[in-house]
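Worksheet: one structure, shown below.
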Amino acid sequence: MFEKIQADNVFRSGLKMRMVGLTGGIASGKSTISNLFKSYGIPVVDADIVARDVVRKGSGGWKKVVAAFGEDILQDDGEIDRAQLGQIVFSDPSKRQLLNRLLAPFISYGIFWEIVKLWIKGSEVIVLDIPLLFEAKMDHLAKPIIVVWVDPETQLQRLMARDGISEEQARSRINAQTPLDWKRTKADMVIDNSGTLDETREQFQKVLAQVTRPLSWWEFGRSRKGALCFLVSVIVGVIVFRNM
Ligand SMILES: CC(C)(COP(=O)(O)OP(=O)(O)OC[C@H]1O[C@@H](n2cnc3c(N)ncnc32)[C@H](O)[C@@H]1O)[C@@H](O)C(=O)NCCC(=O)NCCS
Ligand SMILES: Nc1ncnc2c1ncn2[C@@H]1O[C@H](COP(=O)(O)OP(=O)(O)OP(=O)(O)O)[C@@H](O)[C@H]1O
């Protein structure tokens, strides 16, 4: 029942746009939370998917990466061998910075287009699932910002289990990111995902209530309807002014 009211709220409030930031650390549970948002009909822009798309064989990102890292990182089918590239960049900060620098413009552009498409569709609440939201300085785009936190040992265990990697590999991936404890201090809302999925779902309900509350005028102004209102006001103003 509560879930239905929340979902209705989202759609009834219509024509407005709130961009909710969702971030955290590797394997802290961002996808778990973004799937919950999706189940309530709230669209999610997933930066990891965008980052995958921008390095598809033959794309601009692919060419940059191959030029910088060499053809050795390609699979037989010409696609980038992600596991191999991951091994390289997660164990060498300078290579990681290089990859980040090469891909940042493509990823930002891709995220921007996903937002524009949802704006055109009239989505009023969208979630930006961006693992490197703070590192890439995209945090100013989103309000509120939700950080999915998990205790270090649980994060390590879940990462090893999910990706089937060694403790050393998992640690180097975790250490490649800004500490989760720091991200937590920058959050508007924190979901502690160290416990069971039921405990996480309970916290999610509170976050959902916040995220789907009525929008401010500023958020409304950023919506498709807000922009149209502004445009119509300008046109009417010009017509009235000309006829004076
Ligand atoms: C290194 C790559 C090839 C590894 O691919 P792989 O399929 O193994 O992992 P995947 O892309 O699913 O990423 C998993 C997680 O790793 C973390 N991660 C990814 N890239 C980075 C990075 N440059 N720095 C720190 N953490 C990262 C994120 O938490 C992400 O959710 C890939 O992550 C990549 O191309 N990264 C650079 C692009 C990027 O910055 N992506 C993050 C989008 S904000
Ligand atoms: N509360 C939980 N209890 C048990 N397992 C969980 C819980 N939350 C997430 N997991 C599991 O932990 C792993 C990591 O979660 P998830 O994929 O959602 O993290 P992520 O932050 O999206 O990861 P990445 O940064 O790599 O994209 C997954 O295998 C997921 O099924």
Side-chain angles (χ1 to χ4, degrees), residues 21-39 44-56 59 61-62 64-66 68-69 73-75 79-112 114 127-139 141-142 146-165 169-180 183 191-204:
L22 178 66
T23 191
I26 187 164
S28 73
K30 297 175 300 297
S31 304
T32 305
I33 300 299
S34 70
N35 286 335
L36 285 170
F37 275 116
K38 285 184 209 159
S39 71
V44 175
V45 175
D46 186 329
D48 280 340
I49 294 181
V50 172
R52 251 165 248 163
D53 283 345
V54 302
V55 292
R56 293 250 175 268
S59 64
W62 180 89
K64 293 263 182 202
V65 173
V66 175
F69 290 87
I73 53 137
L74 294 180
Q75 299 171 167
E79 293 287 355
I80 287 169
D81 182 338
R82 304 180 63 80
Q84 201 194 332
L85 184 57
Q87 291 268 16
I88 298 171
V89 301
F90 289 121
S91 56
D92 183 338
S94 65
K95 298 258 170 65
R96 190 165 62 248
Q97 273 164 19
L98 172 64
L99 182 68
N100 289 349
R101 218 175 31 247
L102 292 175
L103 294 185
F106 295 98
I107 296 174
S108 307
Y109 187 74
I111 291 174
F112 170 76
E114 291 302 315
V127 172
L128 307 179
D129 176 352
I130 307 182
L132 307 182
L133 185 79
F134 294 111
E135 292 91 331
K137 309 219 180 314
M138 288 194 213
D139 46 317
L141 272 182
I146 304 163
V147 167
V148 187
W149 186 87
V150 69
D151 71 72
E153 189 52 33
T154 308
Q155 181 183 26
L156 183 71
Q157 295 306 329
R158 286 186 187 157
L159 178 56
M160 286 162 60
R162 188 197 59 187
D163 292 356
I165 53 178
Q169 285 173 315
R171 283 195 193 279
S172 70
R173 288 192 175 218
I174 292 170
N175 293 337
Q177 300 185 333
T178 307
L180 253 178
K183 291 187 180 177
I191 294 178
D192 180 349
N193 186 35
S194 310
T196 63
L197 282 172
D198 278 344
E199 284 166 343
T200 295
R201 277 192 210 105
E202 232 170 79
Q203 297 173 64
F204 171 77

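Count residues from 1 along the sequence. Order of appearance sets the numbers: ligands from 1, and atoms from 1 within every ligand.
In terms of polar-atom proximity, defined here as any N/O pair under 3.5 Å, R96 makes no such contact with ligand 1. In terms of polar-atom proximity, defined here as any N/O pair under 3.5 Å, K30 makes no such contact with ligand 1. Taking distance alone, with nitrogen or oxygen atoms compared against 3.5 Å, I26 stays at or beyond that limit from ligand 2.
Nearest to atom 40 (O) of ligand 1 by heavy-atom distance, out of I165, T178, L132, D46, is L132. Nearest to atom 41 (N) of ligand 1 by heavy atom, out of A51, S108, A83, is A51. Between R162, R201, Q177, R173, it is R162 that holds the heavy atom closest to atom 17 (O) of ligand 2.
For ligand 2, the atoms sitting less than 4.0 Å from at least one non-hydrogen atom of G29 are 15 (O), 16 (P), 18 (O), 19 (O), 20 (P), 21 (O), numbered in the order shown with element in parentheses. Atoms of ligand 1 found under 4.0 Å from any heavy atom of R173 (numbered from 1 in listed order, with element): 8 (O). Of all the atoms in ligand 2, the ones that sit under 4.0 Å from a non-hydrogen atom of K30 are 18 (O), 19 (O), 20 (P), 21 (O), 22 (O), 23 (O), 24 (P), 25 (O). For ligand 2 and D48, the ligand atoms under 4.0 Å from any heavy atom of the residue are 27 (O). Remark: ligand 2 atoms within the under-4.0 Å shell around heavy atoms of L197 are 1 (N), 2 (C), 3 (N), 7 (C), 8 (N). Every atom of ligand 2 with a heavy atom of N193 under 4.0 Å away is listed here by number and element: 1 (N), 2 (C), 7 (C), 8 (N), 9 (C). Listed by atom number, the atoms of ligand 2 under 4.0 Å from G195 heavy atoms are 1 (N), 2 (C), 3 (N). Atoms of ligand 2 found under 4.0 Å from any heavy atom of T196, numbered from 1 in the order shown, are 1 (N).
Closest to atom 17 (C) of ligand 1 among all protein heavy atoms lies Q177 NE2, 3.2 Å. Closest to atom 32 (C) of ligand 1 among all protein heavy atoms lies R82 NH2, 3.4 Å.
With hydrogens and angles ignored, the 3.5 Å screen pairs a side-chain donor or acceptor of N193 with a backbone N or O of S28. S194 places no side-chain N or O within 3.5 Å of a backbone atom of V150 that could act as its donor or acceptor partner. With Q177 contributing its side chain and L132 its backbone, the two residues share no donor-acceptor pair below 3.5 Å.
Of all the heavy atoms of L159, none lies under 4.0 Å from any atom of ligand 2, so neither backbone nor side chain is involved. In I107, the part holding a heavy atom less than 4.0 Å from any atom of ligand 1 is the side chain.
Residue contact check for ligand 2: S28 places a non-hydrogen atom closer than 4.0 Å to it. At least one heavy atom of R52 sits closer than 4.0 Å to an atom of ligand 1. Residue contacts with ligand 2: G24 is excluded, as none of its non-hydrogen atoms falls under 4.0 Å. Within the 4.0 Å heavy-atom shell around ligand 2 one finds G25.
Neither side chain, E199 nor Q203, offers a donor N or O lying under 3.5 Å from an acceptor on the other. Side-chain contact annotation: D198 with T196, donor-acceptor N/O pair under 3.5 Å absent.
By the definition of a contact as any protein heavy atom under 4.0 Å away, atom 31 (O) of ligand 2 is not in contact.
Inter-residue side-chain proximity for V65 and F106 is flagged as unmet; no heavy-atom pair is nearer than 4.5 Å.
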